[in-house]
Amino acid sequence: MPEPILNIQGLKAFYGDFQALYGVDMYIEPGEVLAIIGANGAGKTTLMRSVTGLLSNGPGQIHFQGNDISQLRADEVAMQGLAMVPEGRQLFPSLTVKENLMIGAQVGRQGPWNLDAVYRLFPILEERKDQASTSLSGGQQQMVAIGRALMANPDLIMFDEISLGLAPIVIKDIYAALPGIINGGMSAIIVEQDIAQALKVSSRVYCLQEGRVSLEGASDKVSREEISRAYFGIE
Amino acid sequence: MDWVNAIVQGTLLGGLYALFAAGLSLIFGVMRLVNIAHGDLIVMAAYLGLTVTATVGLHPLAALAIVVPAMALIGYVLQRGLLNQTLGEDLLPPLLVTFGLSVILQNGLLEVYTADPQKMDAGALETASIAMGGLTLGVLPVLTFAIAVAVIWALQWTFYHTAVGRAFRAVSDNQDIAQLMGLNRRHVFGLAMALALGVTAIAGILLGIRTSFDPSIGGGRLIFGFEAVIIGGLGNLWGTLAGGVILGIAQTVGAKIDPGFQILAGHLAFLIILAIRPNGLFPRIAA
Ligand SMILES: Nc1ncnc2c1ncn2[C@@H]1O[C@H](COP(=O)(O)OP(=O)(O)OP(=O)(O)O)[C@@H](O)[C@H]1O
Ligand SMILES: [Mg+2]
């Protein structure tokens with residue numbers, strides 16, 4: 001087994017007194033696409049926030065490319081090559097489409113992704129580059145959010161519910177663009193409510209339930225029964 | 001002609017108020033910080049200018065080359081060392097801490113420079129004037145206004161055409177996501193405060209050339225700046241200039257009616273505009 005690019009061990013997360021994650025173990029290998037599924041409130045977004053440094057963690061719980069990043073600030077984690085497409089897109093409303101993309105490059109990492117490459121992936125964004133990001137459709141905003149993360153030339157990219165609130169046809173387009181993104185050897189974590197979609201694009205899957213890993217396996221091996229048990233917790 | 005004169009003089013005075021206000025507006029825009037010590041920082045800049053002119057023998061305007069970077073540095077250190085610690089969901093801690101800072105600055109200035117009114121000597125610049133269409137305009141007020149326009153323009157340009165301006169807007173929009181983009185908000189806030197106090201340095205020096213000052217006048221400058229920001233609309237720098245001009249005109253026209261009416265007229269104009277347009281005249285177009 002190659003050295004995991006991201007290795008999470010015994011991760012706990014808290015919002016004040018409320019504990020959201022209870023010792024999560026998880027790893028992803030270089031170049032792998034990992035899916036994370038789980039019901040609303042299972043802790044998927046919390047996990048992403050912990051990994052990216054937006055939530056503070058105990059020491060030694062998260063290693064990225066061999067380095068302990070558990071206690072780094074989010075901007076320091078980003079510079080190490082970890083990018084996120086956040087839940088709900090969260091573009092900067094005061095910035096134009098192009099500026100939203102350019103700010104993704106702020107970490108200053110070199111690689112294949114730049115404005116031209118993002119415009120090649122999503123040509124509509126070049127047409128809309130000087131518009132306010134809020135004037136775009138939901139699908140186009142999601143493209144900006146993805147482009148913004150790619151501009152950082154990350155080694156690992158995490159997508160938190162990219163299909164949330166989008167029309168099926170738009171979701172199809174977004175997923176059609178995915179191979180073009182990951183082919184460059186980038187690793188990816190995909191958080192997705194649509195289980196079939198998650199299993200289709202990933203090689204391995206984790207299911208979270210109430211802050212714990214309830215299932216882990218190869219995406220083409222896990223059965224429907226295992227998933228529904230892990231998802232809903234019904235025996 | 002007298003009334004035209006009052007309006008023109010008020011407009012020029014408004015340039016100074018816009019300079020008081022620009023830093024306040026910038027800081028609030030980027031980090032939602034209301035800096036109660038802003039006026040005292042203006043006065044401190046005036047005293048720094050005084051020290052530089054007195055010890056090095058520079059003209060006050062030349063002293064800007066030293067005082068602007070010095071105030072910017074103080075701004076960065078102040079933000080990273082103190083004010084960043086107060087920022088969060090709760091708006092009260094920054095208010096209390098900057099209020100405390102205001103008290104400390106006033107007493108510090110009193111200790112070092114005493115309560116005697118001081119003034120910077122700008123030589124011929126103070127009395128020079130130009131005649132234009134029957135009006136006599138002081139060169140200093142005209143210069144002050146021109147500097148105010150240039151400063152607002154430069155801030156606007158920085159905000160919309162540079163990487164640091166983009167960072168200011170991004171952090172103002174969403175601190176967490178900006179952090180994910182590799183922006184350390186504490187550093188970005190430090191830069192914003194540095195820029196704001198750089199502008200404050202310009203305001204302080206121009207104030208100190210125009211009138212005499214003592215450690216107690218910071219509060220009044222804070223109010224003028226605050227009123228200009230609110231009249232113009234929060235988060236709009238050209239609006240801030242307009243707000244300064246409206247305040248300046250209200251004061252000079254008020255003084256024309258009755259010399260004792262000057263300051264009150266400005267406050268009344270502020271209250272009237274606040275009552276009619278609570279978001280100011282030119283609020284930033286909401287996203
Ligand atoms: N800011 C917060 N403060 C307090 N509790 C929170 C906060 N954010 C999330 N939680 C709680 O933490 C738990 C996990 O939430 P999280 O958002 O990680 O779930 P999720 O799996 O991403 O759900 P969804 O599918 O709805 O996005 C939930 O019980 C939620 O109520
Ligand atoms: Mg979520």
Side-chain angles (χ1 to χ4, degrees), chain A residues 16 45 48-56 72-109 130-136 141 144-145 147-154 157-158 160, chain B residues 25-32 79-80 84-85 87-90 155-192 195 233-240 279 282-287:
Chain A
T45 299
M48 308 269 110
R49 290 175 61 84
S50 287
V51 170
T52 52
L54 287 178
L55 286 176
S56 52
L72 295 185
R73 287 193 317 261
D75 56 305
E76 295 169 326
V77 171
M79 294 200 187
Q80 303 240 338
L82 210 158
M84 173 161 78
V85 182
E87 186 174 6
R89 306 181 268 279
Q90 308 212 39
L91 301 181
F92 299 107
S94 311
L95 272 57
T96 63
V97 168
K98 185 180 168 192
E99 287 178 319
N100 264 283
L101 294 173
M102 283 169 69
I103 208 151
Q106 194 89 30
V107 290
R109 291 171 53 89
D130 294 322
Q131 277 178 233
S133 52
T134 45
S135 69
L136 301 186
Q141 289 191 23
V144 179
R148 184 177 65 177
L150 290 174
M151 290 289 284
N153 283 299
I157 185 167
M158 306 197 290
D160 194 354
Chain B
S25 175
L26 193 151
I27 293 167
F28 183 81
V30 174
M31 53 187 132
R32 303 285 173 274
Q79 185 66 38
R80 297 232 36 183
N84 272 339
Q85 272 69 359
L87 294 177
E89 294 297 302
D90 194 352
L155 287 178
Q156 196 78 11
W157 188 84
T158 304
F159 255 71
Y160 288 97
H161 297 280
T162 66
V164 71
R166 198 165 61 219
F168 286 158
R169 283 179 290 143
V171 171
S172 163
D173 278 348
N174 189 329
Q175 296 187 15
D176 275 357
I177 304 296
Q179 197 94 16
L180 284 183
M181 302 296 132
L183 295 169
N184 178 10
R185 63 181 171 153
R186 295 176 172 277
H187 174 62
V188 174
F189 287 167
L191 293 179
L195 187 58
L234 279 173
N236 181 336
L237 285 167
W238 287 116
T240 297
N279 291 326
F282 313 99
R284 192 168 72 170
I285 298 100

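What you are looking at is a predicted structure, and each value in this text was computed from that prediction instead of being measured.
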Would you mind checking which part of A/L95 comes under 4.5 Å of any heavy atom in chain B, side chain (CB onward), backbone (N, CA, C, O), both or neither? both
Does any backbone or side-chain atom of A/M151 lie under 4.5 Å from a heavy atom of chain B? Answer side chain, backbone, both or neither. neither
For A/E87, check side-chain hydrogen bond (donor to acceptor under 3.5 Å, both in side chains) against everything at least two apart and list the hits. A/T45
Output the distance between atom CG (B/L234) and atom OG1 (B/T240), rounded to the nearest 0.5 Å. 8.0 Å
For each of A/R49, A/E99, A/M79, tally heavy-atom pairs with chain B at distances under 4.5 Å, and name the one with the top tally. A/E99
Using the six-membered ring of B/F28, assess whether NZ or CZ of B/R32 lies under 6.0 Å from its centre and within 45 degrees of the ring axis. yes
Name all residues meeting the side-chain hydrogen bond (donor to acceptor under 3.5 Å, both in side chains) criterion together with A/N153; count only those two or more places apart in sequence or in a different chain, and write none if there are none. none
Winner by heavy-atom pair count (cut-off under 4.5 Å) against chain B, out of A/I103, A/D75, A/V107: A/D75
